[in-house]
Amino acid sequence: MSGSFLGTMPVQERHRFDPTALERYLRDRVEGFSGPLAIEQFRGGQSNPTYLVRGRGARYVLRAKPGPAAKLLPSAHAVEREFRVIAALGKAGIPVPRAYCLCEDEAVIGRSFFVMEYVEGRVLWEPALPGMNPTERAAIYDETNRVLALLHQVDYQGAGLADFGRPGNYLARQIARWSRQYRASETEEIAAMDRLIAWLPQNVPAEEASAVVHGDYRLDNLIFHPREPRVLAILDWELSTLGDPLADFSYQCLAWHIPPGQFRGIAGLDLSALGIPDEPHYIAAYCARTGRQVIAHWDFYLAYNLFRIAAILQGVMKRALEGIASSEQALEAGRRAKPLAELGWRYAEKAIKSGG
C-alpha cells in the first residue's frame with residue numbers, strides 16, 4: 001500500500017513479535033477490532049519495518065521501530081512523530097491514513113509502534129507512469145503538485161503542531177543533522193559528500209516561511225484512487241517536521257534531474273510526448289498555488305536534497321552491512337549514495353558559478 005513497499009511476505013525473524021500481545025492491545029484501543037489476527041510484513045521499507053495486520057473483516061497497517069538488536073542512529077525511526085503528524089493533518093483536511101493508536105510502551109511487543117488505516121488504492125512506482133496516456137499522466141502530476149501545495153499551506157499552529165519543529169533556520173539544522181548522520185554511518189570515503197558538508201552550511205539562503213514539510217514527498221509515497229487522479233493518502237511521514245517548504249518542494253523536483261533507474265527519475269525522457277510537465281511548468285504551478293512569483297537559489301536546493309538523500313542511503317548501507325536493515329534491497333540502495341552525492345556537488349558547482 002505504500003510507496004516504500006511492494007507486496008507482503010512472512011515476517012522476518014529479526015522483526016517478529018508476539019501477535020497475541022498485539023491482539024490484546026488492539027482489542028482495547030481500536031474501535032471495532034476483533035481477532036484472530038494475521039500478520040505479514042511489507043517488502044521494502046529501508047527504515048521502519050511495516051506490517052499488514054488482518055483482523056476479523058478489517059485490515060490495518062502497523063509501523064514499528066526496528067527490533068531490539070538494532071543500533072538506532074540519533075533521532076531516527078521516530079514513529080511517535082509520524083503518528084502525531086498523521087493524526088493532526090487528518091483533522092486539517094490533508095489526505096492521510098486514519099491514525100488509530102500509538103504504543104510507546106516497549107513491553108507490549110518489544111518496541112514502539114503505531115497502527116493506522118489500510119488505504120486501498122494505486123501506488124505509482126514509476127514516475128514515467130507507464131501504461132497511462134498523456135492526459136492521465138498530466139492529471140496525476142497536477143494532483144501531486146496540488147496536494148503538496150495544500151500541505152504547505154496548513155495552519156500548523158491551528159492544527160496543534162506549533163511545537164512539531166523549530167520554525168526558522170531549518171536548512172542549517174538539517175545540514176548539520178544529516179552531516180552527523182552521514183559521519184555516524186560512513187563506510188567509505190565519498191569526496192563529493194566531504195565537499196558538500198563543507199560548502200552547504202556556508203551558502204544557506206534566507207528562508208521565507210515555515211510549514212509542515214513531509215521530507216520524502218514523491219509519487220510512490222502517495223496512494224491514488226483506483227480509477228481517478230486523486231490522492232487518497234500521503235504515506236511515510238518519518239522525516240516530517242516544521243521547515244522550509246521550498247526544500248520539500250525541490251526534493252520532489254529531483255525526479256527531473258535524475259535519470260530513470262537511478263533513483264526514480266525522469267531526466268532525459270520525452271516529457272512532452274508523455275504528457276508530463278517539464279520542470280519550469282511544474283514549478284510555475286506550485287508557485288501559482290502558493291502565491292509565489294519565483295523560487296531563488298534553485299541549484300542550492302537541488303544540491304542540498306541530493307546531499308540529504310546520499311546521507312540517508314549511507315545510513316541504509318550501514319544497517320545493511322550490520323545485518324539489521326529492514327529491506328532485502330538495502331545494500332543495493334546504499335550503493336546509490338556516492339553517485340547522488342556526486343550529482344549534488346555538480347549542482348553546488350553550478351550555484352558557485354552563477355553566484356546563487
Side-chain angles (χ1 to χ4, degrees), residues 2-4 45-48 63 65 72-97 99 102 104 112 114 116 147-182 184-185 200-201 204-218 221-222 233-254 286 290 295 297 300-313 315-316:
S2 157
S4 300
Q46 309 297 350
S47 183
N48 293 326
R63 285 271 277 176
K65 290 189 177 184
L72 304 186
L73 290 171
S75 74
H77 314 284
V79 296
E80 303 89 349
R81 288 177 58 80
E82 282 192 78
F83 177 84
R84 181 184 175 192
V85 74
I86 289 171
L89 291 176
K91 295 175 184 176
I94 300 298
V96 290
L102 167 68
E104 298 179 87
S112 298
F114 72 89
M116 63 183 172
V147 170
L148 185 57
L150 187 68
L151 171 66
H152 290 163
Q153 294 175 91
V154 165
D155 175 4
Y156 62 82
Q157 293 182 327
L161 294 170
D163 61 345
F164 190 62
R166 286 181 286 166
N169 206 31
Y170 170 77
L171 287 165
R173 289 185 284 106
Q174 286 288 301
I175 292 164
R177 173 193 176 183
W178 291 110
S179 296
R180 290 192 302 270
Q181 299 279 48
Y182 173 75
S185 57
L200 287 168
V204 175
E207 296 171 34
E208 61 178 65
S210 288
V212 176
V213 294
H214 180 273
D216 195 15
Y217 189 87
R218 58 179 195 253
N221 269 333
L222 306 175
I234 311 170
L235 303 174
D236 200 355
W237 291 86
E238 185 186 351
L239 298 175
S240 61
T241 188
L242 301 183
D244 184 347
L246 298 183
D248 213 26
F249 175 65
S250 55
Y251 171 84
Q252 202 232 323
C253 290
L254 289 180
Y286 175 83
T290 57
I295 300 177
H297 309 288
F300 172 92
Y301 280 112
L302 296 176
Y304 156 73
N305 275 304
L306 287 159
F307 151 80
R308 192 175 67 109
I309 293 176
I312 291 168
L313 292 178
V316 171

Side chains of [X] and [Y]: closer than 4.5 Å at any heavy-atom pair?
X	Y	answer
Leu151	Val212	yes
Arg84	Leu161	yes
Pro95	Val147	yes
Leu239	Arg308	yes
Ser250	Phe300	no

If I compare all heavy atoms of [X] with all of [Y], which pair ends up nearest, and what's the gap?
X	Y	answer
Asn169	Ala172	OD1-CB, 3.3 Å
Phe114	Val79	CD2-O, 3.4 Å
Pro167	Leu242	CG-CD1, 4.1 Å
Tyr170	Asp244	CD2-N, 3.3 Å
Leu200	Val204	O-CG2, 3.4 Å
Leu235	Pro97	CD2-CG, 3.6 Å

[X] side chain to [Y] backbone, donor-acceptor under 3.5 Å:
X	Y	value
Glu238	Asn48	no
Asn221	Asp216	yes
Asn305	Ala247	yes
Arg63	Phe83	no
Ser210	Gly168	yes

For Tyr156, enumerate each residue passing the ring pair (Phe, Tyr, Trp, His ring centres under 6.0 Å) test, keeping only those at least two apart in sequence or located in another chain.
->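 Partners of Tyr156 by the ring pair (Phe, Tyr, Trp, His ring centres under 6.0 Å) criterion come out as none, since no residue qualifies.
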Can you sort out the partners of Trp178 under ring pair (Phe, Tyr, Trp, His ring centres under 6.0 Å), two or more places apart, ordered by chain and number?
-> none
Return the orientation label for the Phe307 and Tyr304 ring planes: parallel under 30°, perpendicular over 60°, tilted otherwise.
-> tilted
Measure the acute angle between the ring planes of Phe249 and Tyr286, then classify it against the limits of 30° and 60° as parallel, tilted or perpendicular.
->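 Correct class here is parallel.
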Got a salt bridge between Asp236 and Arg218, using NZ or NE/NH1/NH2 to carboxylate O under 4.0 Å?
-> no
Ion pair check, Glu80 and Lys65, cut-off under 4.0 Å =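 Here Glu80 pairs with Lys65 in a salt bridge, since their nearest N and O are under 4.0 Å apart.
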Measuring from [X]:[atom1] to [Y]:[atom2], what's the distance to the nearest 0.5 Å?
X	Y	atom1	atom2	value
Asp248	Tyr217	CG	OH	9.0 Å
Leu306	Leu254	CG	CG	5.0 Å
Asp163	Gln157	CG	CD	10.5 Å
Ser179	Gln174	OG	CD	10.5 Å
Leu148	Leu222	CG	CG	9.0 Å
Arg173	Thr241	CZ	OG1	6.5 Å

